[in-house]
Amino acid sequence: MAKSNNYAMITYIDSKNCQKVCGLMRAVELLQAVRYEPAGEKIRFPDREISGVSIDSRDCREGSVFVCIRGSVCNGSRYAKEAVRHGAKVLVAAKEEQELIGKILGQFPECEGVLVEDEREAAALLAARYEGEPSRSMTMIGVTGTKGKTTTVSMIRKILSEAGIRTGMIGTTGQFDGKEHLPSEHTTPDAVTLQRSLARMRKNACRACVMEVSSQALKLQRTKGICFDTGVFLNLGDDHIGRFEHADKEEYLACKRKLFLQSREAVVNADDPAWKQMLAGTGCPFQTFGIRNGDFRAVKIRTESFVQGHPGVEFDIGKVHFQIPAPESLPYTMRWQLSVSVCSTA
């Protein structure tokens with residue numbers, strides 16, 4: 001369905017080829033992505049051209065939407081004036097920030113103010129809508145777990161790429177957008193950066209994207225609005241429990257579980273004791289893997305093999321024999337776990 005007016009021309013093809021062809025969108029169209037209340041009596045400039053969504057005031061330009069994110073160290077609303085000076089025309093903030101946003105709008109009457117329940121969720125949904133919902137144009141695979149995400153994501157991308165499927169990748173070691181490798185500050189980027197990365201993958205004709213999905217990303221709503229075709233659970237350890245991450249292991253598990261509330265199907269490690277808790281209440285269809293348990297069980301495991309001149313693992317699943325390269329530095333137990341997870345996902 002193609003939409004066109006004086007303010008934007010955005011083309012959506014309701015299929016795996018969804019594509020945005022113009023970088024402008026009317027404010028009223030963009031705001032349809034979230035539930036909101038006007039900071040004033042009404043939205044005064046519904047037809048205003050929007051040129052982008054940002055959570056960094058330095059990234060704003062003429063016509064930007066600036067989302068004021070409340071953080072543990074500082075509050076994004078402190079930078080709202082700077083965002084406006086850089087060209088932001090719409091400020092999005094939590095309802096608790098209504099008084100402060102009202103004062104700022106009083107100083108800058110050309111700006112619009114919008115109040116939401118959860119500004120992090122709003123940032124993700126607005127960014128996804130502005131970029132034309134790029135995740136819908138690809139097969140999305142999200143991998144979570146305390147250990148092994150980076151290696152698993154790399155293996156999945158390699159397998160899909162060798163099968164002729166151009167695959168983007170996002171993770172600790174950086175991003176691959178289908179043409180070039182780019183650095184990444186976080187395991188899972190902030191919501192705006194993530195949607196921009198997915199849009200580049202779509203532009204570069206990626207048919208799939210495999211990404212690490214950290215518990216922090218899920219806690220902070222960075223992947224909100226993405227429907228993963230497959231969510232992968234590797235394991236749950238005791239890392240990432242502390243003042244600046246998760247209060248306890250229960251919260252840690254609850255954050256990881258969010259992946260399977262936004263996945264069409266799950267592939268989980270049945271050798272990990274937390275796998276049933278991970279899926280509890282999600283209603284997500286699943287398949288399991290492992291060496292002691294699972295629908296896909298690896299047997300006849302050889303960890304000292306060389307595959308295509310590199311250290312790797314060999315094993316059988318049913319009547320199929322697998323040979324998969326694996327980093328030499330991987331400890332014994334992780335080599336086979338990660339390999340099986342890749343095969344069951346593929």
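Bear in mind the structure is a predicted one, so any value in this text is a computation, not a measurement. Keep in mind that the numbers below use all heavy atoms, side chains included, and drop hydrogens, waters and symmetry copies. The chain is numbered in sequence order, starting from 1.
Of the possible donor and acceptor atoms, one in the side chain of Arg202 sits under 3.5 Å from a partner among the backbone N and O of Gly132. Under the 3.5 Å distance criterion, the side-chain polar atoms of Asp271 are matched with a main-chain donor or acceptor of Arg292. Not one N or O on the side chain of Asp177 forms a donor-acceptor pair closer than 3.5 Å with the backbone of Asn204. Looking at Arg44, its side chain does come within 3.5 Å of a backbone N or O of Cys111 through a donor-acceptor pair. A donor-acceptor pair under 3.5 Å links the side-chain atoms of Thr144 to the main chain of Val213, judged by distance alone. Distance alone, capped at 3.5 Å, places no donor-acceptor pair between the Asp229 side chain and the Ile141 backbone. Using modelled atom types, no side-chain atom of Thr151 and backbone atom of Gly148 make a donor-acceptor pair closer than 3.5 Å.
For the atom pair OG (Ser135) and CD (Glu133), the distance works out to 6.5 Å, reported to the nearest 0.5 Å. Interatomic distance, CG of Leu126 versus CD of Gln195, reported as 10.5 Å (0.5 Å rounding). If you take CZ on Phe108 and CG on Leu91, they are separated by 9.0 Å, rounding to the nearest 0.5 Å. In this structure, Met278 CE and Lys256 NZ are separated by 7.0 Å, a value rounded to the nearest 0.5 Å. Atom CG of residue Asn293 and atom CG of residue Asp295 lie 10.5 Å apart, to the nearest 0.5 angstrom. Separation of atoms CD (Glu97) and NZ (Lys103) is listed at 11.5 Å; rounding is to 0.5 Å.
Inter-residue side-chain proximity for Glu62 and Glu49 is flagged as unmet; no heavy-atom pair is nearer than 4.5 Å. Between Cys68 and Ile101 there is a side-chain heavy-atom pair separated by less than 4.5 Å. Counting only heavy atoms from C-beta outward, the side chains of Cys74 and Tyr79 approach each other to under 4.5 Å. Taking 4.5 Å as the limit, every side-chain heavy atom of Ser214 sits out of range of all side-chain heavy atoms of His186. Residues Ser154 and Met169 form a side-chain contact, since some pair of their non-hydrogen atoms from C-beta on lies under 4.5 Å apart. Side-chain contact between Val28 and Ile43 is absent, with no heavy-atom pair separated by less than 4.5 Å. Looking at heavy atoms from C-beta onward, Thr172 lies in side-chain contact with Thr187 at the 4.5 angstrom threshold.
Environment of CD in Glu82: crowded, with over 12 heavy atoms of neighbouring residues, nucleotides or ligands closer than 6.0 Å. No more than 12 heavy atoms of other residues, nucleotides or ligands lie within 6.0 Å of CD in Glu185, so this atom counts as exposed by the packing criterion. The 12-atom threshold is exceeded at CD of Gln107, counting heavy atoms of other residues, nucleotides or ligands nearer than 6.0 Å. For Lys224, the NZ atom is loosely surrounded, since the number of other residues' heavy atoms within 6.0 Å does not exceed 12.
In terms of heavy-atom proximity, Gly237 sits nearest to Lys249 at O-CE, 3.4 Å. Considering all non-hydrogen atoms of both residues, Val67 and Ala123 come closest at CG1-CB, 3.9 Å. Nearest approach of Glu265 to Gln287, heavy atoms of both residues: OE1-NE2, 4.4 Å. Nearest heavy-atom pair, Lys147 versus Asn235, reported as atom, atom and distance to 0.1 Å: N-OD1, 2.9 Å. Between Lys149 and Val143, the shortest heavy-atom distance links the atoms CD-O, 3.6 Å. Between Ser51 and Tyr130, the closest heavy-atom pair is O-OH, 2.8 Å.
The residues Glu96 and Arg70 are annotated as salt-bridged, a charged nitrogen and a carboxylate oxygen being separated by less than 4.0 angstrom. Between Arg222 and Asp190 there is no salt bridge, since no side-chain N of the basic residue sits under 4.0 Å from a carboxylate O of the acidic one. With salt bridges taken as basic N to acidic carboxylate O contacts below 4.0 Å, none links Glu112 and Lys89.
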### Message
side-chain contact (heavy atoms from CB on, under 4.5 Å), that's the test. Do Met140 and Leu198 meet it? Break it down for me.
### Response
CA-CA 10 Å; Met140 296 293 301; Leu198 294 174; 4.0 Å; yes
### Task
Apply side-chain contact (heavy atoms from CB on, under 4.5 Å) to His181 and Thr173, showing your working.
CA-CA 9 Å; His181 291 273; Thr173 59; over 6 Å; no
### Test salt bridge (charged side-chain N to carboxylate O under 4.0 Å, His left out) applied to Glu117 and Arg35, step by step
CA-CA 8 Å; Glu117 291 286 349; Arg35 293 182 178 180; over 6 Å; no
### Message
Between Leu194 and Thr223, is the side-chain contact (heavy atoms from CB on, under 4.5 Å) condition met? List the steps.
### Response
CA-CA 8 Å; Leu194 175 57; Thr223 62; 4.1 Å; yes
### Task
Please assess Lys158 against Ser161 for the test side-chain contact (heavy atoms from CB on, under 4.5 Å), listing each intermediate value before the final yes or no.
CA-CA 5 Å; Lys158 183 175 177 62; Ser161 297; 5.8 Å; no
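Under the 4.5 Å side-chain heavy-atom criterion for ILVMFWY residues, a single connected hydrophobic cluster contains both Phe289 and Ile301. Hydrophobic clustering keeps Ile170 apart from Leu182 (ILVMFWY residues linked when any side-chain heavy atoms are closer than 4.5 Å, directly or through intermediates). Under the 4.5 Å side-chain heavy-atom criterion for grouping Ile, Leu, Val, Met, Phe, Trp and Tyr, Val84 is not connected to Val92 through any hydrophobic cluster. In the hydrophobic cluster analysis, where Ile, Leu, Val, Met, Phe, Trp and Tyr join through side-chain heavy atoms closer than 4.5 angstrom, Phe66 is grouped apart from Tyr36. Taking hydrophobic clusters as Ile, Leu, Val, Met, Phe, Trp and Tyr residues chained together by side-chain heavy-atom distances below 4.5 Å, Leu31 does not share a cluster with Leu115.
The aromatic rings of Phe233 and Phe260 lie perpendicular to each other, with more than 60° between the two planes, well past the 30° mark.
For the residue pair Thr150/Glu212, the side-chain donor-acceptor check at 3.5 Å is satisfied.
Under the 4.5 angstrom side-chain criterion for Ile, Leu, Val, Met, Phe, Trp and Tyr, Leu220 has no cluster partners at all.
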